[in-house]
A.B. asks: 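Below you will find the structure I want to go over with you.
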Amino acid sequence: MSGKRKKIVAFLCNWCTYTAADLAGTSRLKYEPDIRILRVMCSSRVDPVFILKALMDGADGVLVGGCELGDCHYQRGNYYARRKVAVAKKIAADMGLDPERIRLSWISASDGPRFAEVVNEFTREIEEKGDTPVKHEAYV
Amino acid sequence: MERIYEIQMGIEELARRALETGTVGGVAALLEVPETNKIAFTLVRAPEDVKGLAPFSPWMLENAARSISQMTREAAFTQPVAVILRPCELRALRELVKLKQVNMTNLILISFDCPGVFPIGSRLNGNGDLPAAYEKAVLEGTNCPGIRQVCSACEEFVPRGADMVISLVGRSPTDTLRAAFPTEAGQKFAEALGLLAEGREVEAGEERDRLAGIRADEHNALSARIQGSLKDLDGLVSVFDRCISCHACRYVCPVCYCKDCFFESPAFSYYPHSLHKRLEQSAAGLRLPLDRLLFHLGRLTHMGASCVACGMCEDVCVAGIPVSQIFKTVGGDIQQMFDYLPGGSPDDPLPLLTYREDELKEMED
C-alpha cells in the first residue's frame with residue numbers, strides 16, 4: 001500500500017456479497033480500506049445512473065457485487081444487473097470515461113475470502129490507474 | 001419481394017377518398033397552414049380539409065409519435081385513423097407501444113422511404129418553400145446538402161411494420177403515389193379504397209438502393225467523428241461544457257416519455273450544506289448547475305437502447321451540441337450489444353427488461 005487512499009464505491013447485494021463482506025470482517029480477514037460499501041437489496045437495484053454518478057462525482061472505481069448466477073435471492077436479479085452494468089460500461093467507454101473503473105463480481109454469502117480477494121485485486125488495479133481525472137475537473 | 005403498385009392519385013386524393021368512403025374516421029399527418037406559413041401535425045376529419053396535406057415536407061417540427069401517444073395513451077381511437085409518419089416516427093411509435101404509451105388499436109400506419117429533413121431553424125428563418133435541391137436529391141436518391149446530420153447518416157429510412165409503404169425516393173412529392181401494402185391491414189385498406197384494382201404493379205426503382213449505400217458510408221463517417229471527439233474526459237467536457245441544462249432535448253425526445261423526469265427530481269436538488277461540503281472537497285471547484293454532464297450520460301442509460309435517432313434533440317439544442325449524433329452513436333452501440341433495433345420487431349422485449357443466461361461474460365470477472 002502506498003500513497004493516498006483511493007475512493008471505491010461498492011454496491012453490494014444484501015443476500016450474498018454484503019453478507020460475504022460481513023463474513024470477511026467476522027473472520028478477521030484483512031482487505032484494503034479504500035472501499036465505501038453501500039448495501040442494496042439486490043444487485044439489479046443498481047441503476048446504471050448510480051454507477052455513472054459515482055464516477056462523475058470523483059469515485060476512482062465502482063464495484064457492483066451480487067450473488068452467483070443462478071443463486072440470486074430473487075431468482076434472476078443478477079442477470080438483469082449484468083445488463084445494467086454492461087450499459088454503464090458501454091456508455092462510459094463511448095463517452096470518454098474508463099470502463100475498467102467499473103467492476104462486476106459475483107461473490108456468494110459464504111465466501112468471505114473471495115470478497116477480500118476481489119477488493120484487494122480491484123484496489124490494486126485502481127491504484128495502478130491512479131486518480132480519476134474527474135477529480136481535477138470543475139465542469140463535471 | 002414486396003409488390004409495389006402505381007396508384008393514380010396523390011396523397012391528398014388518397015386521404016380524401018379514405019375519409020369519403022368512411023374507411024377511416026380521420027387522417028393524422030403534417031398539414032400546411034398557408035395563412036401562417038406553418039406546418040403542423042393535424043388530425044383531419046372532414047374530406048374537404050385534406051387540402052395542404054404535406055406528409056413529405058422536408059421539415060418535421062416534432063416527432064409525431066408524441067402526438068399519437070397523447071391521443072391514444074389512455075384510450076384507443078374508436079374508429080380507424082390513418083396516420084402518416086416518417087420511418088423514425090413510426091419506430092418511435094412502435095417503441096412507445098412497448099413502453100405502454102401508445103395504443104395501436106384502430107391505427108392504420110402509412111409511411112414512406114424518407115429522404116431526410118432539414119433542421120427546424122431553416123424553416124423558421126426561411127420561407128418554407130420546397131428547395132429545388134431537395135426535390136432533385138429525392139429524385140436521384142442522394143442526400144440533399146443541409147439536411148440533419150443524423151438524417152444523412154440514417155440507414156433505417158425504409159419503414160418497418162407500416163401497413164402502407166409509399167415509395168418516395170426516386171419520385172417527386174407531386175407525382176402520383178407508388179405504394180406497397182405489406183400487412184393484412186394494409187391490404188384491406190387498399191381494397192376498401194379500390195387501390196389494387198385501379199393500380200398497376202411497377203418495379204422498384206434503384207434510387208432507394210443508391211441512397212442506402214450513401215447513407216451507410218455517411219453513418220460510418222459520423223460514428224468515427226463522434227468517437228474521435230469523445231475519446232477521453234477532455235473530449236467529453238469540451239463537447240458538453242456548453243450545455244445550459246435547459247433539458248429541451250428530453251422534452252422533444254419521443255422515447256423520453258416520463259412525466260416526471262428523474263433528472264428534475266429532488267434527487268438532484270442539493271441542500272446548501274452538501275454543496276458547501278463538496279466545494280471544500282473539490283480541488284477544481286464546482287461549476288453550476290451541477291450534474292450537467294451526468295444528465296446526458298444518465299439519459300443515455302434511460303433511452304439509449306430505444307433511441308431512434310430522429311434528430312429532434314439536436315435541432316432544439318440552443319448550445320449547438322451534436323446531441324442526436326452522439327445519442328445515435330452511443331445508443332447504436334448499446335443496441336448492437338443487445339442485438340436490438342428500436343421500433344423493430346414488436347416481439348423483442350426492451351433490452352433492460354430481459355436477459356439471456358449465456359451472454360456478457362466479459363462484463364463479469
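In what follows, chains carry the letters A, B, and so on, assigned in the order in which the sequence lines appear, proteins first and then strands, with residues in each chain numbered from 1.
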A.B. asks: If I measure from the heavy atoms of chain A, does B:Thr354 come under 4.5 Å with its side chain, its backbone, both, or neither?
C.D. replies: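 Its backbone and side chain both get close to chain A.
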A.B. asks: So, A:Arg114 and B:Asp365, do they make that salt bridge, N to O below 4.0 Å?
C.D. replies: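 Salt bridge: yes.
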A.B. asks: Count the heavy atoms belonging to other residues, nucleotides or ligands that lie under 6.0 Å from CG of B:Asp260, then report whether that count exceeds 12.
C.D. replies: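 Result for CG/B:Asp260: open.
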A.B. asks: Taking the side chain as every heavy atom from C-beta outward, state whether B:Leu236 and A:Met56 have any pair of such atoms under 4.5 Å apart.
C.D. replies: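 Result yes, sub-4.5 Å side-chain heavy-atom pair found.
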A.B. asks: For a quick test of reading the model, state the closest non-hydrogen atom pair linking B:Phe262 to A:Val49 and the distance between them.
C.D. replies: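 Shortest heavy-atom contact: CE2-CG1, 3.8 Å.
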A.B. asks: When heavy-atom pairs shorter than 4.5 Å are enumerated against chain A, which of B:Arg356, B:Arg299, B:Met337, B:Glu359 gives the highest number?
C.D. replies: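 Result: the option with the highest number of such pairs is B:Glu359.
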A.B. asks: Relative to chain A, which segment of B:Phe295 carries a heavy atom at a distance below 4.5 Å: side chain, backbone, both, or neither?
C.D. replies: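 Contact with chain A is absent: no heavy atom of B:Phe295 under 4.5 Å.
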A.B. asks: Rounded at 0.5 Å granularity, tell me how far CG in A:Leu52 sits from CG in B:Leu297.
C.D. replies: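 One gets 5.5 Å once the value is rounded to the nearest 0.5 Å.
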A.B. asks: Look at the side chain of A:Arg83 and the backbone N and O of B:Pro351, then say whether any donor-acceptor pair between them is shorter than 3.5 Å.
C.D. replies: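 Side chain of A:Arg83 to backbone of B:Pro351, a donor-acceptor pair under 3.5 Å: yes, one is there.
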A.B. asks: Should we count CZ of B:Phe240 as having more than 12 external heavy atoms under 6.0 Å?
C.D. replies: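 Enclosed.
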A.B. asks: Can you tell me how far CG of A:Asp57 sits from CG of B:Leu294, rounded to the nearest 0.5 angstrom?
C.D. replies: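 So the CG of B:Leu294 and the CG of A:Asp57 are separated by 7.5 Å.
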A.B. asks: At a 4.5 Å cut-off on heavy atoms, which part of B:Gln227 comes close to chain A: side chain, backbone, both, or neither?
C.D. replies: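 B:Gln227 has no heavy atom closer than 4.5 Å to chain A.
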A.B. asks: Side chain, backbone, both or neither: which part of A:Lys89 has a non-hydrogen atom closer than 4.5 Å to chain B?
C.D. replies: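 Contact with chain B is through the side chain of A:Lys89 alone.
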A.B. asks: Check whether more than 12 heavy atoms from other residues, nucleotides or ligands sit under 6.0 Å from atom NZ of B:Lys361, and answer yes or no.
C.D. replies: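 Enclosed: over 12 neighbouring heavy atoms sit under 6.0 Å from NZ of B:Lys361.
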A.B. asks: Using a cut-off of under 4.5 Å for heavy-atom pairs, which of A:Arg76, A:Lys53, A:Arg82 has the most such pairs with chain B?
C.D. replies: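 Highest number of pairs under 4.5 Å: A:Arg82.
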A.B. asks: If you compare all heavy atoms of B:Leu352 against all heavy atoms of A:Tyr80, which two are closest, and at what distance to 0.1 Å?
C.D. replies: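 Nearest heavy atoms, B:Leu352 then A:Tyr80: O-CD2, 3.8 Å.
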A.B. asks: What is the distance from atom CG of A:Leu104 to atom CE of B:Met363, rounded to the nearest 0.5 Å?
C.D. replies: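 With rounding to 0.5 Å, CG (A:Leu104) is 9.5 Å from CE (B:Met363).
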A.B. asks: More than 12 heavy atoms of other residues, nucleotides or ligands under 6.0 Å from CZ of A:Arg45: yes or no?
C.D. replies: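 Open.
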A.B. asks: Step by step, work out the side chain to side chain contact (heavy atoms under 4.5 Å, CB included) result for A:Asp94 and B:Leu230.
C.D. replies: CA-CA 7 Å; A:Asp94 279 2; B:Leu230 288 169; over 6 Å; no
A.B. asks: Give the ring-plane orientation class for B:Tyr355 versus A:Tyr79, where under 30° counts as parallel, over 60° as perpendicular and anything between as tilted.
C.D. replies: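 Parallel.
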A.B. asks: Roughly how far, to the nearest 0.5 Å, is the CG atom of A:Asp47 from the OG1 atom of B:Thr301?
C.D. replies: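 So the OG1 of B:Thr301 and the CG of A:Asp47 are separated by 5.5 Å.
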A.B. asks: Take atom CD in A:Glu100; do more than 12 heavy atoms of anything else shown fall under 6.0 Å from it?
C.D. replies: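 Not buried by this count: 12 neighbours or fewer within 6.0 Å.
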A.B. asks: I need the minimum non-hydrogen distance between B:Leu233 and A:Leu97, along with the two atoms involved.
C.D. replies: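 Between these two residues, the closest heavy atoms are CD1-CD2, 3.8 Å.
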A.B. asks: Side chain, backbone, both or neither: which part of B:Ile226 has a non-hydrogen atom closer than 4.5 Å to chain A?
C.D. replies: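 No part of B:Ile226 comes within 4.5 Å of chain A.
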A.B. asks: With a 4.5 Å cut-off on side-chain heavy atoms, are B:Val239 and A:Met95 touching?
C.D. replies: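 The answer is no; the side chains never approach within 4.5 Å.
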A.B. asks: Is it the case that more than 12 heavy atoms not belonging to B:Glu264 sit under 6.0 Å from its CD atom?
C.D. replies: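 Check passes, neighbour count above 12.
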A.B. asks: Hey, what do you get for NZ (A:Lys90) to CG (B:Asp333), rounding to the nearest 0.5 Å?
C.D. replies: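 Here the interatomic distance stands at 5.0 Å.
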